K.L.:
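I'd like to ask some things about the structure below.
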Number of protein chains: 2
Amino acid sequence: MPRAGLSPDAVVDAAIAIVDAEGPGALTLAAVAGRAGVATPSLYKHVRNLAELRLLMTVRVMEELTERLGEAALGRSGDDAVRAVMRAYRSYVVEHPGRYASMEQSAEPLGKVDAAGERLLGVILAVLRGYDLEGSALVHAARCLRSSVHGFAVLEAAGGFGLPEDLEASYELLITMVTGGLPHRTARVT
Amino acid sequence: MPRAGLSPDAVVDAAIAIVDAEGPGALTLAAVAGRAGVATPSLYKHVRNLAELRLLMTVRVMEELTERLGEAALGRSGDDAVRAVMRAYRSYVVEHPGRYASMEQSAEPLGKVDAAGERLLGVILAVLRGYDLEGSALVHAARCLRSSVHGFAVLEAAGGFGLPEDLEASYELLITMVTGGLPHRTARVT
DNA sequence: CTATAAAGCTAATAAAGTTAGCCTGAACTG
DNA sequence: CAGTTCAGGCTAACTTTATTAGCTTTATAG
């Protein structure tokens, strides 16, 4: 008697609505079921358990982020692309802090997360193609970019910045720090 | 009949031992009580509840970190000091990943956490005194340093770096990115 | 029109956090 | 040194959450 017409995606929708509205701490199967209009145990027809739901949420966020970053990077290159991607990243987090804060932890070998992470990494690597980076250097640069951006995002989403100084300005400095630290392609004469 | 001779600090000790050994997911009052050699409800004589225990753990970690960073900064200045502090930060996280990963979240107005955070910030600000930074610029720089270091730490502690490239090398790049992005004090002639 | 299987539901269990209230022995008082 | 007090421990009991088992039903395929 499929009345509610649920699906794994719909369950993730409900879960994300909850963390958006009330923060990661409010994520409970009862709450998800309530929002989905279904009894708690019914969720298990669509999701293996809470841990899997969390992973699916992480995948969802990574995908949304990947799309945003991809759009931001379109038609740009070099510092310009890095700037746009970094700003897009933060704007996503500012718009959905609860959602972003929900996706941490794990370490599971679940393929879906890895795959989504790789797509996200792909965008970053693509943006860094415009620099004079090869092999390992590219990976190191990508890690630095990701660390900076993620660190800022986590701290901001958790309300970790106490002082009243403008966060935009701080982030702009972070952006110049990153772009300034990448080896720019110099016009090379053979 | 105070047999176990517990105290808030001892409870935090037990809790930290658990996250060190089994990760943040294993933190449960039953586990803490077990390690402390006491029945679960007895913990409430020393700690208001699980949330407060988490906050106390966060304070503890911040204090340990502050001490490490302070030591690392001693007798150094400028880029040298920043490098030493950043390396000390990461070395702490590498030594105690579970402990570091346990301290996230919250947003509580609990005074103790804020105070510990301010002491930690104090060390960072002190290290940045060696640069040509004043007022807000100092705050922005401190945030960038903190974001980068924290982001790398979180990702590393959570096993978020999948590729086999050397993490040390990535971190050294991050260090040069940060030091390179700070405005160096130029010999100024009046 | 019927058979089946997916999608709900109710009931039940186990673990975790938390509260209430009892009990005792260590420490302080006189 | 005896008596009082109370911090710190315990057991019992409750609530909430995750999870499992098993029943029921309706969309739908044939």
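So that the names make sense, note that chain A is the first sequence line, chain B the second, and so on, each numbered from 1. Because the structure is predicted, anything quoted here is derived from the model rather than measured.
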K.L.:
Between C:dT10, C:dT18, C:dG8, which nucleotide gets closest to the side-chain atoms of B:P41?
P.N.:
C:dT18

K.L.:
Without swapping roles, check the side chain of A:S102 against the backbone of A:G98 for a donor-acceptor pair under 3.5 Å.
P.N.:
yes

K.L.:
Which nucleotide wins on minimum distance to the side chain of A:Y44, given the candidates C:dC9, D:dA18, D:dG9?
P.N.:
D:dA18

K.L.:
Which nucleotide in the list D:dG9, C:dT18, C:dA16 gets nearest to the side chain of B:T40?
P.N.:
C:dT18

K.L.:
Choosing from D:dT11, D:dG9, C:dG17, which nucleotide comes nearest the side chain of B:L50?
P.N.:
C:dG17

K.L.:
Just to be sure I understand the rule, does A:T28 reach a base, reach only the sugar-phosphate, or reach nothing, if contact means heavy atoms closer than 4.0 Å?
P.N.:
sugar-phosphate

K.L.:
Are B:Y171 and B:F152 close enough that their ring centers fall under 6.0 Å?
P.N.:
yes

K.L.:
Rounded to the Å, how far apart are B:L53 CG and C:dG17 P?
P.N.:
10 Å

K.L.:
OP1 or OP2 of D:dG9 versus the side-chain N and O atoms of B:H46: is any pair under 4.0 Å?
P.N.:
yes

K.L.:
Expressed in angstrom and rounded to an integer, what is the separation of B:R48 atom CZ from C:dT18 atom C1'?
P.N.:
14 Å

K.L.:
Measuring to OP1 and OP2 of D:dC10, would you say a side-chain N or O of B:S42 lies under 4.0 angstrom away?
P.N.:
yes

K.L.:
In whole angstroms, how far is the P atom of D:dT26 from the CG atom of A:L6?
P.N.:
18 Å

K.L.:
Nearest nucleotide by nearest heavy atom, which residue falls closer to the 5' end of DNA chain D, A:L27 or A:K45?
P.N.:
A:L27

K.L.:
How many whole angstroms separate atom CG of B:L43 from atom P of D:dG9?
P.N.:
9 Å

K.L.:
Using atom types as modelled and distance alone, determine if a side-chain donor or acceptor of B:S91 lies under 3.5 Å from a backbone N or O of B:A88.
P.N.:
yes

K.L.:
Between A:R90 and A:V93, is any pair of side-chain heavy atoms under 4.5 Å apart?
P.N.:
no

K.L.:
Rounded to whole angstroms, how far apart are CG on A:L29 and P on D:dT17?
P.N.:
10 Å

